[in-house]
Amino acid sequence: MRGADILARTLSRAGVKHVFSLSGNHVMSVYDAAIDADLDIVHVRHEAAAVHMADAWGRLTGEPGVALVTGGPGHANGVGALYTALASESPMLLLSGHAPLRELGKGSFQEMRQADMAAPVVKAAFTARSVDSLGEEVARAWRHATFGRPGPVHLSLPVDVLEAKAGEAALPAAEAFEVRSIPLGAAAAQAVAAELARAERPLLLAGPALATGRGRGARSRLEQACGMPVVCMESPRGANDPALGAFAALLARADLVVLLGKRLDFTLRFGQSPALDAGCRIVLLDPDPEALRAAGYALGDPARIALAVLADPFEAAARLAGTAGVVPAEWADEVRAALARRPAGWTSLASAREGALHPAEVGRAVQARIDRAREAVLVADGGEFGQWAQACVSAPTRLINGPGGSIGSAVPFAIAAKLARPQATVIAMLGDGAFGFHMAEYDTAVRARLPFVGVVGNDQCWNAEHQIQLRAYGASRARGCELLPTRYDRVVAALGGHGEHVTSGAELEPALERAAAATQPACVNVMIGRLAAPAVHA
Ligand SMILES: Cc1ncc(C[n+]2csc(CCOP(=O)(O)OP(=O)(O)O)c2C)c(N)n1
Ligand SMILES: [Mg+2]
């Protein structure tokens with residue numbers, strides 16, 4: 001076998017069926033090997049899209065998504081998108097072709113220190129050293145991506161390693177993909193349960209890992225045990241994420257906060273008052289000692305740390321579900337009510353302007369469509385429109401940009417979601433700015449026959465930044481953030497998809513219906529007003 005065969009068969013042994021990829025000289029042997037290893041290649045139009053797809057796959061399935069790109073510029077194009085996967089704690093692999101080891105230092109074609117370039121945006125980055133160790137190196141990358149706090153791992157694949165020969169013995173055994181967890185010990189679980197029992201107003205906060213498909217089961221068991229929601233925080237807006245309703249006011253009143261793999265970072269204002277009460281005690285459960293250290297440093301006052309324990313968020317949630325008791329019912333009701341709170345006026349919000357809809361109108365129509373679907377995935381992306389989407393629309397499965405706060409990933413996310421959940425209605429709501437990043441991926445969706453519905457909130461603007469200009473510098477200096485009333489629906493139609501253009505409320509529902517029924521990927525291009533993101537107050 002060539003190294004390329006070992007790689008492809010190792011992935012296949014790990015259970016990989018699809019690889020998100022953009023071709024290149026360095027990896028064509030892997031394309032060849034993929035045929036015999038029965039790996040499907042989703043061939044994209046930009047390497048960053050392949051990384052976003054692997055990210056979405058990781059979040060939805062809990063198994064690492066795999067992106068395969070070529071060396072040098074292909075790798076460089078992909079690296080930027082790892083930022084989002086790292087912040088969202090998404091297990092995935094970026095596999096990049098690489099100049100041959102025998103030519104390093106001589107000026108090889110596309111020679112670059114690829115692992116160094118990826119290092120700041122991954123859990124680990126390394127370069128395969130030999131064909132004999134390649135299988136084990138891939139398995140190690142696989143384990144590392146899911147171990148502890150999940151995240152992206154990079155492995156560079158030198159051409160001469162991919163082309164060298166080795167025997168069957170170089171293939172890793174099935175056990176090589178088993179990931180050991182960091183359990184929450186019984187004594188520690190009892191101690192957390194005791195803290196919870198003592199508290200009057202406790203809160204359970206989860207990081208992005210528990211918001212994924214893999215986290216859902218453990219989370220809901222813990223919710224049942226405590227009689228209270230586990231609050232997933234996966235927005236850079238922290239407690240002010242409009243999807244969390246009026247949660248910020250409640251957080252400020254808590255007397256105990258249990259962080260299940262949730263970082264005590266800027267999203268929690270480092271635990272300081274007034275975001276948290278100055279007397280609020282903190283339980284830190286985290287698989288990463290560095291995160292425990294940073295939390296202690298951010299908090300400043302060791303007396304506020306009730307407990308700090310090294311544990312997987314998944315394991316911790318599962319174990320606590322068996323030990324923790326029910327929290328005071330009145331408080332639990334308050335938590336539920338705060339999360340559900342939306343201003344009463346929202347149900348009737350409508351645009352006052354001819355030819356432009358209110359984002360909340362769009363949200364209501366999408367919610368109605370999602371409610372009629374047997375299974376649905378919601379993707380939200382962009383600035384102010386993305387915030388409206390998150391505030392107005394909910395779905396059993398949701399993918400957002402995450403704490404990294406990067407825009408532009410929605411189209412690749414939606415494509416990967418349709419591949420992971422073929423039966424689901426996949427709807428991506430995204431701003432016109434965000435749409436521009438990866439609109440060429442509609443071509444990928446057409447070729448791969450992965451229909452989804454992209455709903456573009458077209459305000460002809462990078463509105464989130466325009467709103468900053470209005471607030472900080474005044475209307476007369478709000479310049480340079482305009483876009484055009486572009487017919488993105490026609491762009492999608494030109495790529496072989498289905499396009500709808502919506503300029504009035506009456507057109508919206510029928511257009512969404514046709515888009516959802518289309519056999520091709522669809523774009524519903526909705527002209528909207530330039531509204532600031534919503535804020536929900538207590
Ligand atoms: C990769 C990246 N680049 C830039 C930004 C800054 N940014 C945040 S929101 C936004 C505007 C997005 O415009 P659009 O998608 O049209 O949404 P709108 O705010 O107009 O509703 C920009 C430029 C970012 N968050 N991520
Ligand atoms: Mg916009």
Side-chain angles (χ1 to χ4, degrees), residues 46-49 51-52 55 76-88 120-121 234-238 240-243 266-267 349 351 353 355-363 366 379-393 399-414 427-439 441 454-473 478-489 491 501-503 523-535:
H46 191 291
E47 286 85 356
V51 171
H52 286 316
D55 173 350
N77 277 349
V79 163
L82 291 169
Y83 187 88
T84 293
L86 183 69
S88 292
V121 281
E234 48 169 351
S235 161
R237 298 196 183 201
N240 293 319
D241 174 358
F266 73 100
T267 60
L349 278 180
S351 173
R353 194 154 65 78
L357 279 76
H358 192 291
E361 283 180 274
V362 186
V366 170
V379 182
D381 183 15
E384 309 306 71
F385 185 68
Q387 293 301 312
W388 278 103
Q390 281 168 229
C392 300
V393 188
L399 290 170
I400 65 169
N401 323 71
S406 169
I407 59 169
S409 55
V411 172
F413 275 9
I427 302 188
M429 297 178 73
L430 68 170
D432 50 340
F435 188 79
F437 282 67
H438 287 298
M439 56 185 162
E441 298 307 330
V455 178
V456 181
N458 191 337
D459 57 7
Q460 303 113 67
C461 192
W462 303 93
N463 191 26
E465 309 310 313
H466 175 69
Q467 295 295 329
I468 291 175
Q469 291 178 320
L470 289 177
R471 287 195 300 272
Y473 312 109
R479 299 267 177 84
C481 287
E482 297 82 12
L483 289 166
L484 298 172
T486 302
R487 293 293 301 272
Y488 299 109
D489 50 307
V491 174
H501 188 226
V502 172
T503 59
C523 167
V524 183
N525 183 16
V526 187
M527 308 316 274
I528 60 165
R530 285 179 192 170
L531 277 96

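Since the structure is predicted, the reported quantities are computational estimates derived from the model, not experimental observations. One-based numbering along the sequence shown. In listed order, ligands and their atoms are each counted from 1.
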ask   = Considering only the protein, which heavy-atom contact is closest to atom 15 (O) of ligand 1, and what is its distance?
value = A434 N, 2.8 Å
query = Are T503 and H501 side-chain neighbours, meaning at least one heavy-atom pair lies under 4.5 Å?
reply = yes
remark   = Logged contact type for D459 with ligand 1, heavy-atom cut-off 4.0 Å, is side chain
note = atom 7 (N) of ligand 1 sits nearest the protein heavy atom E465 OE2, 3.0 Å
query = Should one rank G405, A532, G383 by closest heavy-atom distance to atom 17 (O) of ligand 1, which comes out on top?
reply = G383
query = By atom name, which N, O or S atom of D459 is the nearest to the Mg ion (ligand 2)?
reply = OD1
Minimum-distance N/O/S atom that D432 presents toward the Mg ion (ligand 2) = OD1
ask   = Where is the nearest protein heavy atom to atom 3 (N) of ligand 1: which residue, which atom, and how far?
value = I407 CG1, 4.1 Å
query = What are the atoms of ligand 1, with element, lying closer than 4.0 Å to any heavy atom of F385?
reply = 21 (O)
request  = May I ask you to test the C392-P359 pair for a side-chain heavy-atom distance under 4.5 Å?
outcome  = no
request  = Around atom 11 (C) of ligand 1, find the nearest protein heavy atom and jot down its residue, atom name and distance.
outcome  = W462 CE3, 3.8 Å
message = Any heavy-atom pair between the side chains of F385 and N463 that's under 4.5 Å?
response = no
ask   = Which protein heavy atom lies closest to atom 14 (P) of ligand 1, and at what distance to 0.1 Å?
value = G433 N, 3.5 Å
ask   = Does CZ in R471 sit with more than 12 non-hydrogen atoms of other residues, nucleotides or ligands closer than 6.0 Å?
value = yes
query = If we only count heavy atoms from C-beta on, is the V411 to M439 side-chain gap below 4.5 Å?
reply = no
key: Part of C461 with heavy atoms under 4.0 Å of ligand 1, whether side chain, backbone, both or neither   = backbone
